[in-house]
Every structure is written in structure tokens, then in C-alpha cells.
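Below, chains carry the letters A, B, ... as their sequence lines are ordered, and counting in each starts from 1.
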Protein chains: 2
Amino acid sequence: MEHKSITIYDIAKEAQVSSATVSRVIAGNYPVKEETRKKVIDIIHKYDFQPNAVARSLSKKETKMIGFILPDITNSFFSQVFIEAEKYALTKGYTLLLCNSMNNSEMESKYLKILAERQVEGIILMGGRINKALPDVMEVNELSQVMDKMPVLMINGKIDGLDCYSIRTDEAHGIEIIIDHLVSQGHEKIGLIGGIEGITTTDIKVEAYRNALTKYGLPIRDSWQIYSGFDIERGEEAINNLIEVNKEDLPTALIGINDLVIIGALKECRRKKINPFAFVGFDNTDLAKNSNPELTTVSHPYKELGENAIDLLIQPQLNQKKSENKDILMEPYLEVRESCRKIFIEK
Amino acid sequence: MEHKSITIYDIAKEAQVSSATVSRVIAGNYPVKEETRKKVIDIIHKYDFQPNAVARSLSKKETKMIGFILPDITNSFFSQVFIEAEKYALTKGYTLLLCNSMNNSEMESKYLKILAERQVEGIILMGGRINKALPDVMEVNELSQVMDKMPVLMINGKIDGLDCYSIRTDEAHGIEIIIDHLVSQGHEKIGLIGGIEGITTTDIKVEAYRNALTKYGLPIRDSWQIYSGFDIERGEEAINNLIEVNKEDLPTALIGINDLVIIGALKECRRKKINPFAFVGFDNTDLAKNSNPELTTVSHPYKELGENAIDLLIQPQLNQKKSENKDILMEPYLEVRESCRKIFIEK
DNA sequence: CTGTTAGCGCTTTCAA
DNA sequence: TTGAAAGCGCTAACAG
């Protein structure tokens with residue numbers, strides 16, 4: 001690909017030293033006489049020489065690369081984690097290899113294979129197979145094989161029986177802080193829409209929702225908690241369902257299983273020319289920030305998720321000390337915006 | 001990193017052939033007796049052997065990797081191109097190395113260096129330094145040095161004096177099809193908001209805007225074309241400015257320099273409880289699709305941009321034939337949604 | 001069709 | 001502090 005790639009031998013010859021010496025001055029952490037160091041450095045600059053990382057990788061058996069498989073970087077929930085991980089990895093000398101699986105199991109497998117061949121030093125998994133209610137046996141086996149070769153870490157997902165690091169947002173607590181906030185604003189009738197029963201993230205949130213209501217002695221009404229799904233259309237469905245079932249006795253505040261669902265609900269309410277609710281989303285995607293009205297939402301601790309993922313992957317020795325707890329929980333926080341300002345109107 | 005990585009020699013020994021033969025059956029495109037092929041394949045499967053791509057890269061002097069530097073993958077304008085490029089590259093056996101420069105020139109430089117060391121076979125540049133009105137001399141030199149080592153391609157940007165491929169959306173035509181559409185819906189008073197004079201993409205659009213109005217014999221009023229910037233806040237400013245300056249004689253349709261600006265305008269109009277315009281954005285980001293109302297917008301041909309970028313980079317021989325035209329223009333298209341449906345109301 | 005062998009460019013003992 | 005030399009795992013002539 002390059003013309004006649006210049007190597008450390010060329011540098012060595014011109015500097016009248018051995019290639020080992022050149023290698024040492026490049027590495028930087030070896031004893032080299034200042035004089036020869038200078039000489040070598042000069043020649044390196046003269047030719048704008050850049051050492052071949054592929055050769056180094058082969059020789060050192062380390063690539064300083066980490067694979068990151070996620071469904072679709074177009075979704076800001078994923079891209080926010082990825083970008084934090086990437087920035088942090090860079091400071092540690094690592095490069096991330098992003099792989100968009102498009103939520104397709106075959107592509108996940110293909111990438112798993114590619115990453116292994118490319119000798120990445122670890123793989124971060126987010127979304128995809130690690131979120132399935134019933135993990136596919138083949139898929140689990142495949143992951144298990146990968147784990148024999150390199151460390152694997154899952155973000156916001158987990159497969160039982162696979163002994164690897166997992167790091168996730170404490171979504172139960174996320175729901176709790178939403179409800180704390182709503183209650184502090186005077187709400188007593190709080191609904192939850194979206195999600196699918198049996199999917200981990202939904203179940204966690206629903207349970208936390210009930211617990212929090214109980215904590216405050218607020219009414220738990222089954223008809224105020226509506227499963228539907230995870231996208232905008234499912235939000236529209238849910239709100240229609242909610243209104244139809246409850247008629248007169250609607251909640252005053254609505255929590256979405258995620259931002260999309262609540263945006264769908266908002267949209268449908270606008271269409272119906274009603275707006276009886278305080279709305280709160282979950283995830284703090286870019287859509288929340290830019291929706292109309294701007295959406296109050298629970299934010300994942302994106303920076304921490306990304307950075308901790310990298311740390312856990314590249315410092316195994318350090319982590320093993322931290323006992324056997326391989327499941328890390330990170331705290332979310334509430335991003336208060338416009339969508340539940342007018343709460344007192346409802347009272 | 002792996003335990004005791006098994007190599008083609010291990011496979012060869014067990015299959016009682018030479019390593020060259022194993023290499024050949026893995027490569028697939030060499031004459032190998034079916035019998036020995038079978039034998040080797042079996043052993044490979046038995047051990048779930050995966051060839052070391054790093055060693056292969058060193059030996060073949062090809063990494064099958066392409067670098068892709070962009071400002072911030074969180075922005076769906078970039079992520080849509082990237083993901084199309086990635087999907088396509090995968091089918092061609094290439095892996096993309098995503099680098100988020102965060103619009104920071106130093107990070108761009110750092111990544112340029114990393115990519116070169118990692119021996120990528122080409123670099124795609126989008127955003128960042130290639131969009132500056134006045135390119136920095138140091139930055140241009142740096143790129144020029146990189147271009148000595150490997151092919152570079154710019155998407156929706158170009159630096160004069162740098163002889164590399166560039167591929168961009170025909171934004172002038174994008175503006176034209178917007179205006180065609182607006183006119184066909186009865187609009188005669190059309191404004192354009194956002195952008196900054198002197199920035200290529202703005203200048204192209206403004207010129208196209210004037211040309212299209214002229215084509216239709218429509219009034220060109222300077223006060224209907226308001227520079228402001230590229231984000232939501234700038235859209236809000238622009239609309240306020242527009243209303244203040246024009247009072248009674250407002251346009252009936254408004255084109256935004258991009259989706260963000262027009263979303264800002266929409267937001268501000270809603271706040272003011274006025275809604276006198278048909279709105280059209282530019283870029284077809286995910287915000288447009290999910291905004292309220294859903295935004296009619298010009299879409300970049302994301303798939304084509306991404307795929308062509310890869311093709312141009314990996315098939316130099318094929319392209320050299322296509323004469324010396326290294327600047328490729330791709331056609332955008334109009335994504336019609338809700339935001340300019342009610343045009344006839346205005347008439 | 002298959003084996004031998006010499007690299008690819010860098011790191012790393014081991015000696016000096 | 002430095003150099004010689006043996007790899008790292010795979011590919012690609014070349015010879016057979």
C-alpha cells in the first residue's frame with residue numbers, strides 16, 4: 001500500500017546503530033545514551049518515520065485494540081456510551097473497533113469472528129443477544145468460546161451462566177428518582193407506559209415503579225401501567241390504550257419506559273389536542289433534548305459507563321482484587337427539562 | 001492475550017501437511033487436493049482455529065482496514081453515512097476504524113497518526129478541517145503527508161490544492177427540489193434561514209436558493225434570507241429576526257440550512273403560538289423524523305455516499321479510468337413529511 | 001498439488 | 001548502553 005515503507009533498519013543504518021537501538025528509543029522506556037537517542041530521533045523526524053503497528057502487534061502479541069459490538073450507532077443511546085469509551089480508551093493508548101450488528105445475530109457472529117482474528121484484546125457487547133429474555137443456546141456457546149480467548153464485557157445486559165464483567169445502569173433507582181421528583185412536584189397519580197413483560201429492562205422498571213409508589217403510599221392501579229413496546233408507535237398505542245381504559249380517572253404524570261415511547265405519547269396527545277400529563281422519559285437520548293417540549297428524562301451515566309467498561313477490560317489484575325463482584329451498577333440521574341413543568345396545573 | 005494461541009503449524013502438524021498447505025486451504029483460492037483439504041478443514045474445526053489477521057497483515061502488507069475520521073458519531077448526519085459505509089465495507093472484507101475527532105484539530109492529527117501506524121489502507125474524512133473556509137496551512141500539510149502514504153477521500157468537504165477524491169451531495173440541487181416542491185404546493189414567498197456566509201455549504205445553498213426563485217420568477221427579498229448559524233438556538237434567533245424585520249410581509253414557507261435550524265424555528269414559533277409557515281429542513285437526521293410535526297427535509301443519499309466512498313478508496317485501478325474527475329456529486333432527494341402539508345391554508 | 005524457505009517489521013533476550 | 005539474532009504467525013515464490 002505504501003511505496004517503499006521505511007523501517008527501523010533504514011533508520012538504524014543511517015544513524016549507524018542497530019535496529020534494536022532504534023526500537024528502544026521509539027519505545028522510550030529503555031536505557032539509551034542521550035547522544036545516540038538524539039541522533040536517532042533526528043533521523044526519525046527527517047523521514048517522518050512512523051513505526052509499523054502491525055509488526056509491533058505481532059511481535060508483542062498485543063494489538064491495543066478493543067472491539068465494541070452494538071446494534072446501531074445511529075441510536076444515541078449507544079453512540080453516547082461508545083463515544084465516551086472511545087475518548088477514554090484513546091488516553092490509555094487503545095483504539096476501539098466499532099461494529100454495528102444492526103440487531104442481527106448473524107452479523108454479531110460475523111463480527112465476533114472478525115474481532116477474534118484481528119486479535120483485539122477484549123470485546124464490549126451492548127444490546128443484541130445479551131438482552132434477550134431467553135438467550136439462544138448457540139449464541140451463548142459462541143460467546144462462551146470467545147470468552148476462552150479474550151475478556152468480554154457487557155454493558156446494560158447480561159447472560160446468565162456467562163461469567164464475564166457486566167456493567168449497567170441502576171434502572172430501578174432511575175425510576176425511583178423520577179417518582180421522587182414527580183411526588184415532590186405534587187403528583188399522586190403516576191402511570192408507566194411501554195416495554196414488554198419478560199424483558200429484563202422492563203421488568204426492573206415496572207417493579208421499581210410499584211415499589212416507589214408503595215413507598216409513598218400512592219395508588220397502584222394496573223390500568224395505569226401499560227405494556228406496549230419500545231418505539232414511538234408503541235408510545236402512541238399506549239397512550240390511546242390508557243385513555244380508553246381509564247376515561248375519567250387518568251394519571252397526572254406519565255413515565256415512559258424510554259424516550260421514544262414517551263415521545264410517541266406526546267405526539268399522540270398533541271394530535272388529540274389534549275395534554276393532561278407531565279411526561280418523563282428514560283435514556284436521555286438526543287431526541288429528548290430536542291423534542292418539543294424538551295423532555296425531562298433519566299440519563300444513563302454515559303461517561304462512567306464508557307470509561308468503566310474500558311477500565312474493567314484493560315486492567316484485569318486491578319479488578320480481580322475487587323473481590324468477585326463482576327456486576328457493576330452505575331447511578332443514573334434526572335435531567336429536568338420542560339416536559340413536566342406544568343405539574344401544578346393538574347392539581 | 002490468548003493462552004497458547006494455536007497456529008497454522010499446529011494444524012499442519014496434526015494434519016501431516018506443511019504450513020503452506022494449511023495457509024492455502026484457508027486462503028481458499030489455491031489448488032489443493034480435495035482429500036487433504038478435507039483433512040485440514042476438519043482439524044481447523046476441531047480446534048476452532050482462527051487465523052491471526054495481524055500476522056497475515058504483516059506478511060501480505062494489507063490490513064483490510066480503512067480509517068474514518070468524523071467529528072462526532074452522535075450526530076446522525078455522520079452516523080448515517082458511517083453505518084452505510086461500514087455495512088458495505090464488510091461485504092468487501094474491509095473493517096472500518098471509526099475515529100471521533102470531536103471537531104478538535106489535535107485529535108484529528110492524533111488519529112491521522114494512529115491510522116497511519118496501524119497501516120490502514122485508506123482514510124475517509126468527513127467534517128472537521130475539510131470544511132473550513134480558510135484551511136490552516138499546517139493542517140493541509142499534514143494531510144498532504146498522509147496522502148503520500150495512502151489514499152484519502154473526503155465526504156462533503158474539500159480542500160483546494162489537495163488532489164484526492166471527494167464525494168459530496170449536490171446541495172444546490174437539494175435546494176432546487178425543495179423549491180420545486182414548495183412552488184408546486186402553491187408557495188410564492190419562500191425564505192431561507194440559517195448558515196454562515198463564507199462557509200461552503202451555506203454559500204452553495206444560498207446561491208441555489210436565489211437561482212431557483214429566479215427560475216420561477218418569484219420575489220427575492222434579502223430580508224427573507226437570514227444567516228444565523230447551524231444549531232437549534234440559531235434557528236430560534238433567525239425566526240425572531242425574520243419576524244421582527246418583516247412584520248406584515250412574511251414568507252409562507254421557510255427552508256432551513258439544516259434540520260436543527262428549522263427545528264429551532266419550529267420550537268420558537270410554537271412558543272410564540274404562531275405557525276404561519278411551511279417548514280423544510282435539510283439533512284434528514286433522526287431529529288427530523290421524530291420532531292413534532294415530522295419534518296419534511298432533503299435527505300442526503302446516505303447509502304450512496306457511504307458505499308461510493310468505500311468503492312473509490314478500494315478500487316483505485318477502476319477509478320483511474322474514469323478520467324481525472326475526482327470530485328463526485330451525488331443526488332439528494334426530498335423526504336416529504338408533515339411539516340409543510342398545510343401549505344394551502346396560507347394561500 | 002505440496003513442501004521448503006525466506007521474508008513482513010518490530011521486540012526482546014542474551015551477551016558483550 | 002548497545003548489538004546479534006531468534007522469533008511473532010502467516011504468505012509467497014520456488015522447486016519439486
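- Not one side-chain nitrogen or oxygen of B/Ser5 sits closer than 4.0 Å to the OP1 or OP2 atom of D/dC8.
- Residues B/Val54 and A/Ala20 both approach DNA chain D. Their nearest nucleotides, taken by heavy-atom distance, put A/Ala20 toward the 5′ side.
- Side-chain nitrogen and oxygen atoms of B/Ser23 include at least one within less than 4.0 Å of the OP1 or OP2 phosphate oxygen of D/dT11.
- Taking atom CD1 on B/Ile11 and atom P on D/dC10, their separation rounds to 9 Å, with Å as the unit.
- For B/Tyr30 and C/dC1, a side-chain-to-base donor-acceptor distance below 3.5 Å is absent, hydrogens and geometry of angles not being considered.
- Regarding B/Tyr9, its OH atom lies at a distance of 10 Å from the P atom of C/dT4, rounded to whole Å.
- Proximity of B/Thr7 to the phosphate of D/dG9: no side-chain N or O atom is located under 4.0 Å from OP1 or OP2.
- Distances from the side chain of B/Arg56 to the nucleotides D/dT11, C/dC10, C/dT12 place D/dT11 closest.
- Within 4.0 Å of B/Val17, counting heavy atoms only, lie sugar-phosphate atoms of the nucleic acid but no base atom.
- Counting to the nearest Å, the C1' atom of C/dT12 and the CD1 atom of A/Ile26 are 15 Å from each other.
- As rounded to whole Å, 11 Å separates atom P of D/dT2 from atom CZ of A/Arg37.
- Side chain of B/Glu121 to main chain of B/Ile66: no donor-acceptor pair is present (N/O by atom type, distance under 3.5 Å, no hydrogens or angles).
- Nucleic acid contact for B/Val22: none, since no nucleic acid atom lies under 4.0 Å from a heavy atom of the residue.
- No salt bridge links A/Glu35 with A/Lys38; every basic N to acidic carboxylate O contact stays at or beyond 4.0 Å.
- At the phosphate of C/dC10, neither OP1 nor OP2 sits under 4.0 Å from any side-chain N or O atom of A/Ser59.
- Ring-plane geometry between A/Phe82 and A/Phe68 is classed as perpendicular, the angle between the planes exceeding 60 degrees on a 0 to 90 degree scale with a lower cut at 30.
- Regarding A/Lys64, its NZ atom lies at a distance of 21 Å from the P atom of D/dC8, rounded to whole Å.
- Heavy atoms from other residues, nucleotides or ligands lying under 6.0 Å from CD of A/Glu34 number more than 12.
- Rounded to a whole Å, the CG atom of A/Asn29 is 10 Å from the P atom of C/dT11.
- A/Asn100 places a side-chain heavy atom less than 4.5 Å from the side chain of A/Leu70.
- Between the P atom of D/dT2 and the NZ atom of A/Lys38 lies a distance of 14 Å, rounded to the nearest Å.
- The residue B/Ser57 sits apart from the nucleic acid: no heavy atom pair falls under 4.0 Å.
- Nearest to the side-chain atoms of A/Arg24 among the listed nucleotides C/dC10, D/dA4, D/dT11 stands D/dA4.
- Checked for salt-bridge contact, A/Asp163 and A/Lys326 meet the test: a charged N lies under 4.0 Å from a carboxylate O.
- Here D/dA4 is the nucleotide among D/dA4, C/dT11, C/dG3 with the atom lying nearest to any side-chain atom of A/Ser18.
- The residue among A/Thr21 and B/Ala27 whose nearest nucleotide of DNA chain D is located toward the 5' end is A/Thr21.
- Here D/dC8 is the nucleotide among D/dT2, D/dA5, D/dC8 with the atom lying nearest to any side-chain atom of A/Lys61.
- The separation between A/Leu58 atom CG and D/dT11 atom P is 12 Å, rounded to whole Å.
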